[in-house]
Amino acid sequence: MPRISSRSAASSATEWSLQKRRAFLAALIEWNAEHGRHLPWRACGDPYRVWISEIMLQQTTVTAVIPYFERFLAAFPTLPALAAAEESQVLRLWEGLGYYSRARNLHAAAQKLMTEHDGRFPREVAALQALPGIGRYTAGAIASFAFNEPAAIVEANTQRLYARLLGEPRDLKTTAVQQRLWNFAAELVTTKTTEPQGPGEINQALMDLGATLCTPTSPDCAHCPATRYCLAYETEQQNIIPRLPPRPQLTDVIDVTVAIEQQGCYLLRQRQPGERWAGLWDFPRYTVPTDADPIDVLRQQVHEQCGLDLMIGPQVTQFKHGVTRYRITLLCHTATVTTGTIVESEAFRWVLSEDFENYALSVTGRKFADWLIAARERFPFD
DNA sequence: AAACCGTGGAC
DNA sequence: TGTCCAAGGTT
């Protein structure tokens, strides 16, 4: 219902009138008092905790984050503690959570906050967004949740909620739609209400509504406090809005990996910048070209990269693992060294199996490490 | 703009 | 069992 605005051309027209925004927010706040979620990083007002939780929650579910958040805060309770940590320790605590650049950026941002911001968080969106790993959404989240700044947020939950409220039929990814949603978010969060709730609580209530009722499939409109304000509901389009682009197809890949044993140690390799799982450690691992023999690939690659000749045993186990648009089957072998020089490289290290726990491993690396330890218990004389 | 970056739970 | 999806950011 874009109506003719009688205001000056200097201020652009709003999606909703002030009256409509206030009525919606009043209903939202009332709903939130009873149904809003209570989460470990909320209601503390500590920007450090808000920041850690927001980074962990990027593209990651609340249930997956909670145990990581608790462990992380126990290890690094404050910003100075995180800044002083080794990056390897940060990655170890991130192991299994995915998107590992988040952990590297988190550590870098902690050090930048210490050296360039006197160890304190800025409250301005622009300053927050200048930190590595903090984009438009996360900056708005920290500013509003921790500092009660009237900063807009648009993420998966609010994106879906706003698209439905506005009845936006277009593809959500387009810049035009994104701009509309951000404008609408700013419109809502800057609306002055008679309730005492500030921007922080309003933003969290908006997200909770999106997360618990305005869900991707079968939204619970029957219990929603906003149906009176929802164009998608009015036109019965809750199930076709928001519209999303099709997902890319999955590709099958065969990888092969090997546990090379020598004097009770196993050879690990740290994955390099630009590779997948950069910074994590793994057993030597290679993609098998179509129609190639996995064992030949292992033998040649290890000889080329490490100068080691191997006696390779049969496949001992395998893991299936989905990653982005690939479905990987990982073939696992064990081997011993027949001839070859000691590896001279920072990327390679001989590690006792009891020290595996001190390394941040890839998920499949961890599974294989656990398998090796279990196998050692089964065959203690090997 | 579009591709890349991970993982596990829900259905 | 396969598909969808999550409190996004960077290049």
Side-chain angles (χ1 to χ4, degrees), chain A residues 36-37 39-42 49-69 91 94-106 108-109 128-146 151-162 171-178 181-182 185 200 203-212 214-218 239 242 244-252 271 273-280 282 319-328 360-367:
Chain A
R37 293 175 296 177
L39 299 167
W41 43 84
R42 283 195 175 169
R49 295 172 67 96
V50 171
W51 172 51
I52 302 297
S53 70
E54 288 305 330
I55 302 298
M56 286 186 171
L57 285 160
Q58 288 170 4
Q59 299 289 284
T60 310
T61 57
V62 168
T63 53
V65 162
I66 287 174
Y68 281 87
F69 179 80
L91 279 171
W94 212 269
E95 185 190 301
L97 199 54
Y99 286 137
Y100 299 94
S101 65
R102 292 184 296 176
R104 299 192 301 270
N105 286 150
L106 195 72
L128 288 165
Q129 204 173 341
L131 294 165
I134 298 184
R136 193 175 181 183
Y137 161 72
T138 304
I142 296 171
S144 63
F145 300 165
I153 55 161
V154 175
E155 41 65 67
N157 297 307
T158 45
Q159 189 168 281
R160 190 169 56 245
L161 174 67
Y162 299 159
D171 187 326
L172 276 193
K173 298 260 179 177
T174 64
T175 54
V177 171
Q178 286 298 311
L181 298 184
W182 276 98
N203 275 344
Q204 293 190 17
L206 289 163
M207 290 173 67
D208 282 8
L209 186 60
T212 61
C214 199
T215 49
T217 57
S218 56
N239 295 315
L244 296 166
R247 298 223 156 193
Q249 202 169 350
L250 285 183
T251 304
D252 286 306
R271 302 185 65 95
E275 288 186 293
R276 196 185 300 281
W277 304 302
L280 300 192
D282 213 350
F319 302 109
K320 292 198 179 292
H321 182 224
V323 51
T324 316
R325 29 180 272 261
Y326 299 100
R327 178 186 302 287
I328 303 175
L361 299 179
S362 71
V363 165
T364 48
R366 179 62 64 192
K367 286 180 180 172

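Chain A is the first sequence line, chain B the second, and so forth, proteins listed ahead of strands; every chain is numbered from 1. From a predicted model like this one, the values you see are computed outputs, not experimental measurements.
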Item to complete: Could you tell me which residues satisfy side-chain hydrogen bond (donor to acceptor under 3.5 Å, both in side chains) with A:Thr158, sequence neighbours excluded, listed by chain and number?
Response: A:Glu155
Discussion item. Suppose we screen for side-chain hydrogen bond (donor to acceptor under 3.5 Å, both in side chains). Which residues come up paired with A:Arg136, at least two apart in sequence or across chains?
Written reply: none
Worksheet item: With a 4.0 Å cut-off on heavy atoms, is A:Thr158 in touch with a base, just the backbone sugar-phosphate, or nothing at all?
Response: nothing
Fill in: Under 4.0 Å protein heavy-atom contact, by nucleotide of nucleotides 3-11 of chain C - B base, S sugar-phosphate only
--BBBBSS-
Item to complete: Nearest-nucleotide wise, let me know which of A:Thr63 and A:Thr174 is further upstream toward the 5' end of DNA chain B.
Response: A:Thr174
Worksheet item: Does a side chain donor of either A:Gln58 or A:Arg102 reach within less than 3.5 Å of an acceptor in the other side chain?
Response: no
Item to complete: Using the C1' atom as the reference point in each nucleotide, state the distance between C:dG9 and B:dA1 in Å, no decimals.
Response: 15 Å
Worksheet item: Which residues satisfy the salt bridge (Lys or Arg N to Asp or Glu O under 4.0 Å) test with A:Arg276, sequence neighbours excluded?
Response: none
Discussion item. Base, sugar-phosphate or nothing for A:Gly322? Non-hydrogen atoms, less than 4.0 Å.
Written reply: base
Worksheet item: When rounded to the nearest Å, what value does the distance between P atoms of C:dT3 and B:dG6 take?
Response: 22 Å
Worksheet item: Can you tell me how far C1' in C:dA6 sits from the matching atom in B:dC5, rounded to whole Å?
Response: 14 Å
Discussion item. A:Thr212: which residues meet the side-chain hydrogen bond (donor to acceptor under 3.5 Å, both in side chains) condition with it, sequence neighbours left out?
Written reply: none
Worksheet item: At under 4.0 Å between heavy atoms, what does A:Val65 touch on the DNA or RNA strands: base, sugar-phosphate, or nothing?
Response: nothing
Worksheet, complete the sentence: So the contacted stretch of DNA chain B, first to last nucleotide with an atom under 4.0 Å from a non-hydrogen atom of chain A, runs from B:dA1 to B:dT7
Worksheet item: Which heavy atom of A:Gly279 sits nearest a heavy atom of A:Leu91, and at what distance?
Response: O-CD1, 3.7 Å
Item to complete: With sequence neighbours excluded, tell me which residues meet salt bridge (Lys or Arg N to Asp or Glu O under 4.0 Å) with A:Arg325.
Response: none
Fill in: Pairing residues for A:Asn105 by the side-chain hydrogen bond (donor to acceptor under 3.5 Å, both in side chains) criterion, not counting sequence neighbours
none
Worksheet entry | Distance between C1' atoms of C:dA7 and B:dA2 (Å, rounded) | 23 Å
Discussion item. Holding to salt bridge (Lys or Arg N to Asp or Glu O under 4.0 Å), I want the full list of residues that pass it with A:Arg49, two or more places apart in sequence or in another chain.
Written reply: none
